[in-house]
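Below: one structure, written as structure tokens.
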Amino acid sequence: MDSLFFVFSKVAHILIEPLNWVIILIVLALLFLLLRKNHLVRRALWIALSLGLIIGYMPSSQFAMRILEDAIPQTQLTAERLNQVGGILILGGAIEGGPITRDRGEVSIRSSAERVTKAFQLLRQYPELPFIFSGYSGRLLPQGLSEADAFKQLLQEQGLGNHPGYYENQSRNTYENIVYSKKIIADIAEKENAPVKPWLLITSASHMLRSMQVAHKQGVDLLPILVDYRTSNAIAWHRFDLVEGGERWNSLIHELVGMAAYWLSGKASLLTNEKTSP
């Protein structure tokens, strides 16, 4: 069932990407032109133009994205809190571990690079804390290294190869990230003959709400470390950028649809005020 859910989510992602709809509308306009349906040609082109303007005008996505990024407050890493932490959980989604790494011999980091750079920072600051890197691949047809193996290579290159860590290389989405990592966290606590402690969770600010909702459903106690912010407090009223706007709308719709799908399928639950406190 989880495999079918994964395949369906990837197909749905293609269909809901806003720039894809602009292309679809233009193709429909060409089809209507061949059929001599001029009124439908004009309608499709006007909708495509309007959609493109909405996507490219940066404030149109900034308001909703900022609400999503501010939904979970940042954890303050005080000395007292760090004494209660069991380790650092790093979610995949930033590393290209596929054909590029295989063919070029170099690990590429995508636009969510702060997931990796923040992890390096915390691993250097707190060498006694173990980590879990969770991620196989989010592709339908993965090739080459898993994200976990690519992260291991990056650690070696950064001189952090001896840091105590665990690599979860089966998960393909957020739900599996949390479920598989939960077992590793429990195994670590059992090995240390100690109670399960909260773990720090590193992921993108826009992705944190869905991650915490899954963790809440699974009974995993995580402290959010938000990175990869896409918005600031200022509104860029004058900005128009079709590429950046398309990426932001894509991330926003992906998260909203993902949360709805997880709620409906019972993979996530709403957070209480206590769970969203820093």
Side-chain angles (χ1 to χ4, degrees), residues 1-2 5-6 9 67-77 81-82 84-94 112 114-116 118-119 122-123 126 129-136 138 147-148 151 165-190 192 194-229 251-252 254-278:
M1 182 63 70
D2 286 341
F5 183 89
F6 173 73
S9 68
I67 292 172
L68 185 60
E69 291 184 335
D70 291 342
I72 301 292
Q74 184 73 275
T75 299
Q76 302 303 313
L77 295 179
R81 175 154 285 173
L82 284 166
Q84 303 169 352
V85 167
I88 305 168
L89 172 58
I90 309 151
L91 296 194
S112 302
E114 292 91 336
R115 298 190 192 188
V116 175
K118 175 59 76 171
L122 294 182
L123 294 181
Y126 311 110
L129 283 180
F131 72 86
I132 299 171
F133 183 91
S134 176
Y136 169 45
E147 282 198 72
F151 185 77
Y166 302 83
Y167 300 91
E168 185 283 298
N169 60 2
Q170 300 179 50
S171 57
R172 300 164 298 170
N173 55 32
T174 305
Y175 172 75
E176 293 180 354
N177 285 146
I178 302 300
V179 169
Y180 296 151
S181 297
K182 176 183 178 180
K183 184 179 186 306
I184 298 175
I185 291 172
D187 290 343
I188 293 172
E190 183 178 355
E192 297 176 348
V196 177
K197 297 180 179 179
W199 278 56
L200 302 178
L201 172 64
I202 300 176
T203 192
S204 302
S206 62
H207 182 237
M208 186 61 77
L209 178 58
R210 182 156 57 109
S211 302
M212 293 295 287
Q213 288 174 339
V214 175
H216 185 213
K217 180 73 173 183
Q218 293 298 318
V220 183
D221 194 0
L222 300 175
L223 302 175
I225 302 296
L226 298 90
V227 296
D228 185 31
Y229 283 94
S251 298
L252 178 60
H254 175 78
E255 289 302 324
L256 295 177
V257 172
M259 281 189 288
Y262 277 20
W263 293 338
L264 292 172
S265 61
K267 297 179 184 296
S269 60
L270 294 176
L271 301 178
T272 62
N273 290 334
E274 180 183 351
K275 287 292 182 180
T276 57
S277 61

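We count residues from 1, following the sequence as given.
Residues Thr75 and Arg81 have side chains that never bring a donor and an acceptor to within less than 3.5 angstrom of each other. Under 3.5 Å, the side chains of Glu176 and Ser171 contain no donor-acceptor pair of N or O atoms.
Side-chain atoms of Ile225 and Leu77, non-hydrogen and from C-beta on, do get closer than 4.5 Å to each other. Taking 4.5 Å as the limit, every side-chain heavy atom of Leu252 sits out of range of all side-chain heavy atoms of Ser206.
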* Asked: Going through the checks in order, is the side-chain contact (heavy atoms from CB on, under 4.5 Å) test met by Leu223 and Leu201?
  -> CA-CA 6 Å; Leu223 302 175; Leu201 172 64; over 6 Å; no
* Could you go step by step and tell me if Val85 and Trp199 meet the side-chain contact (heavy atoms from CB on, under 4.5 Å) rule? -> CA-CA 5 Å; Val85 167; Trp199 278 56; 5.5 Å; no
* Could you please spell out the steps behind the side-chain contact (heavy atoms from CB on, under 4.5 Å) verdict for Asp221 and Val196? => CA-CA 9 Å; Asp221 194 0; Val196 177; over 6 Å; no
* To do: Evaluate side-chain contact (heavy atoms from CB on, under 4.5 Å) for Leu226 paired with Tyr229, printing each intermediate quantity in order.
  => CA-CA 8 Å; Leu226 298 90; Tyr229 283 94; 3.4 Å; yes
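The nearest pair of heavy atoms linking Phe151 to Ala119 is CZ-CB, 4.4 Å. Of all heavy-atom pairs spanning Ser269 and His216, the tightest one is OG-ND1, 3.3 Å. The two residues Pro73 and Pro224 have their closest heavy-atom pair at O-CG, 3.5 Å. The two residues Ser204 and Asp228 make their nearest non-hydrogen contact at OG-OD2, 2.8 Å. The heavy-atom pair separating Tyr175 from Gln218 by the smallest distance is CE1-NE2, 3.6 Å. Summarising the geometry of Leu89 relative to Ser181, their closest heavy-atom pair is CD1-OG, 3.4 Å, with the distance given to 0.1 Å.
A distance of 7.0 Å separates CD of Gln74 from CE of Met208, quoted to the nearest 0.5 Å. Atom CD1 in Ile72 sits 11.0 Å away from atom CG in Leu222 (nearest 0.5 Å). Between atom NZ of residue Lys217 and atom NZ of residue Lys267 there is a gap of 10.5 Å, rounded to the nearest 0.5 Å. To the nearest 0.5 Å, the span separating OG on Ser134 from CD1 on Ile178 amounts to 7.0 Å. Atom CD1 of Ile132 and atom OH of Tyr166 lie 8.0 Å apart (nearest 0.5 Å). To the nearest 0.5 Å, the span separating OH on Tyr262 from CZ on Arg210 amounts to 5.0 Å.
Here the side chain of Arg115 pairs no donor or acceptor atom with the backbone of Ile202 at under 3.5 angstrom. Side-chain atoms of Glu168 come within 3.5 Å of backbone atoms of Gln170 as a donor-acceptor pair (strictly under, hydrogens ignored).
When each of Ile88, Leu200, Thr203, Val227 is tested with Lys118 by the rule side chain to side chain contact (heavy atoms under 4.5 Å, CB included), just one qualifies, namely Val227.
Aromatic ring centres of Phe131 and Tyr167 lie closer together than 6.0 Å.
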